[in-house]
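Below, read A as the first sequence line, B as the second, and so on, with proteins coming before strands; counting in each chain starts at 1.
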There are 2 protein chains.
Amino acid sequence: MARTAGSHSDITGPRVREAALSLFAQHGYAAVSMRRIAQDVGVQAGALYNYTPDKQSLLFDLMRGHMDDLLQARALEPQSATPLDCLEDFSRFHIRFHLERPLAVFISYMELRNLTPENFATIEDLRRRYESELETILRDGRDTGVFDVADTKITTLAIIAMLNGVNTWYRSGGRLSLPEVEAIYWGMVHKAVT
Amino acid sequence: MARTAGSHSDITGPRVREAALSLFAQHGYAAVSMRRIAQDVGVQAGALYNYTPDKQSLLFDLMRGHMDDLLQARALEPQSATPLDCLEDFSRFHIRFHLERPLAVFISYMELRNLTPENFATIEDLRRRYESELETILRDGRDTGVFDVADTKITTLAIIAMLNGVNTWYRSGGRLSLPEVEAIYWGMVHKAVT
DNA sequence: GTCTATATAGAGATAGAC
DNA sequence: GTCTATCTCTATATAGAC
């Protein structure tokens, strides 16, 4: 209650991240100035440094948070019994999760170049951890004879690339509903590996 | 023969584009200065403006040239008779073409945001023209009963997204040869649409 | 065609008042 | 916690000498 006038720490912090997310996605990290972010938040540029030590940390926190969310959400999903069901779960989860946060997805892919080497290594490690979950499913399915995949590593990357593509065109309220999109993509993934 | 000392128009022009291509791909358009490009070329920054009216034109020319090359190379490919053969031709052509010029491919995808609206519209038109070639193949195959595709537009984008993914990991001299990579991806595309 | 020099603008980040 | 003011650096682009 008894707050200093003009003190909005708990409000401003999230607003800074939201503004940065939106602006980085629209124009790219390097093209967005701290002044422009401050403008969107409604503060002066200097005030941003109460919430981030520098611009790089702002980008890294967004990407790190996105990858953490991804791995955590995946871990909370129910586990199916067969490789085929696991693959369907993964495909539908991936589409759903990524369509729910297009800006964070976009940044996490496009701005890898603008991370410092240390930050890049951290994000890449998280990404590889996620991809390895799919590869494990493919290997299990191949070893038990239900999948026909030439190379599990390449098939992993091919499936993820295909599923990621949905973010380039899907708009909610468009021609197709989310369940329809999930079904179409799952159909293609299913056929591609059997 | 009788040239002015220090005059290298026919040499410097291509070198400017090469340096810009490499630097834009590595660091991103917005993060690369004209001074940095000039440094790579071995001239002063002012000299670059003999070869491009501004930085934006430099980016646009690279992307425009890439899309022109793509459509021209595609037009020169032999035309197969059946939709299935056409799809195989397209898939293999796409992989081969894109793996031959990874930097231009990377820029043409990543730097769309940094084009002016007019330049963006031009590039997008060329991209759609290329994608429509694949969609035509898919529609022909579906209409003649050889392909089983739920939605030709989405399948077009899904296939292209999957094929584009090869550029994120392939390195010549690696574990797999180009023909092997083509065969693996064609196998997945083939199964996904039949 | 390239150079040096510069006009003009905007960047990231910090200091100190309130 | 936010403001104003500012330090320092770098950006794109142009002008004019050679």
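Between the side chain of B:Glu182 and the backbone N or O of B:Ser177, no donor-acceptor pair lies under 3.5 Å.
Between the P atom of C:dT2 and the CD1 atom of B:Ile11 lies a distance of 11 Å, rounded to the nearest Å. We find that CE of B:Met34 is positioned 13 Å from P of C:dT2, with the value rounded to whole Å. If you measure from atom CG of A:Asp54 to atom P of C:dA13, you get 5 Å, rounded to the nearest angstrom. Remark: P of D:dA13 and OH of B:Tyr51 are 17 Å apart, rounded to the nearest angstrom. Between the CD1 atom of B:Ile37 and the P atom of D:dA11 there is a distance of 11 Å, given to the nearest Å.
With the end axes of the helix from C:dG1-D:dC18 to C:dC18-D:dG1 each set by five pairs, the angle from one to the other reads 0° at 10° resolution.
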request  = Walk me through it: do A:Glu135 and A:Arg139 pass the test salt bridge (charged side-chain N to carboxylate O under 4.0 Å, His left out)?
outcome  = CA-CA 6 Å; A:Glu135 192 178 4; A:Arg139 208 158 22 212; 3.6 Å; yes
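A:Glu131 is linked by a side chain to side chain contact (heavy atoms under 4.5 Å, CB included) to A:Arg127, A:Lys153, A:Thr156, A:Leu157, A:Ile160, counting only residues two or more places apart in sequence or in another chain. For B:Ala150, the side chain to side chain contact (heavy atoms under 4.5 Å, CB included) partners two or more places apart in sequence, or in a different chain, are A:Ile184.
Contacts between residues 39-50 of chain A and DNA chain C, defined by a heavy-atom separation below 4.0 Å, involve A:Gly46, A:Tyr49, listed by number. Taking every heavy atom of residues 15-32 of chain A and every atom of DNA chain C, pairs under 4.0 Å involve A:Val32, by number.
Counted by atom type alone, A:His98 and A:Tyr170 present zero donor-acceptor pairs between their side chains at under 3.5 Å. Side-chain contact, A:Thr122 with A:Asn119: no donor N or O sits under 3.5 Å from an acceptor N or O.
Dashed line: the shortest gap from a side-chain N or O of B:Thr12 to OP1 or OP2 of C:dT2 is under 4.0 Å.
Ranking C:dA11, C:dT2, D:dT2 by closeness to the A:Ser33 side chain, first place goes to C:dA11. Of the candidates D:dG1, D:dA13, C:dA13, C:dA13 carries the atom nearest the A:Arg35 side chain, counting heavy atoms from C-beta on.
Paired with B:Val193 under the rule side-chain contact (heavy atoms from CB on, under 4.5 Å), one option of B:Val146, B:Thr152, B:Ile159 passes, and it is B:Ile159.
Residues B:Arg129 and B:Asp125 share a closest heavy-atom pair of NH2-OD2, 2.7 Å. Smallest separation of non-hydrogen atoms from A:Phe147 and A:Leu138: CD1-O, 3.7 Å.
A single hydrophobic cluster is seen to contain both A:Leu103 and B:Leu112, as judged by linkage of ILVMFWY side chains at heavy-atom distances under 4.5 Å, directly or through other members.
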Donor-acceptor pairs are to be reported for all side-chain atoms of residues 62-83 of chain A against protein atoms at under 3.5 Å, with residues two or more places apart or in another chain.
from: A:Arg64; atom 1: NE; to: A:Asp68; atom 2: OD2; distance (Å): 3.2
from: A:Arg74; atom 1: NE; to: A:Glu133; atom 2: OE1; distance (Å): 2.8
from: A:Ser80; atom 1: OG; to: A:Asp89; atom 2: OD2; distance (Å): 2.5
from: A:Thr82; atom 1: OG1; to: A:Asp85; atom 2: N; distance (Å): 3.1
from: A:Thr82; atom 1: OG1; to: A:Asp85; atom 2: OD2; distance (Å): 3.3

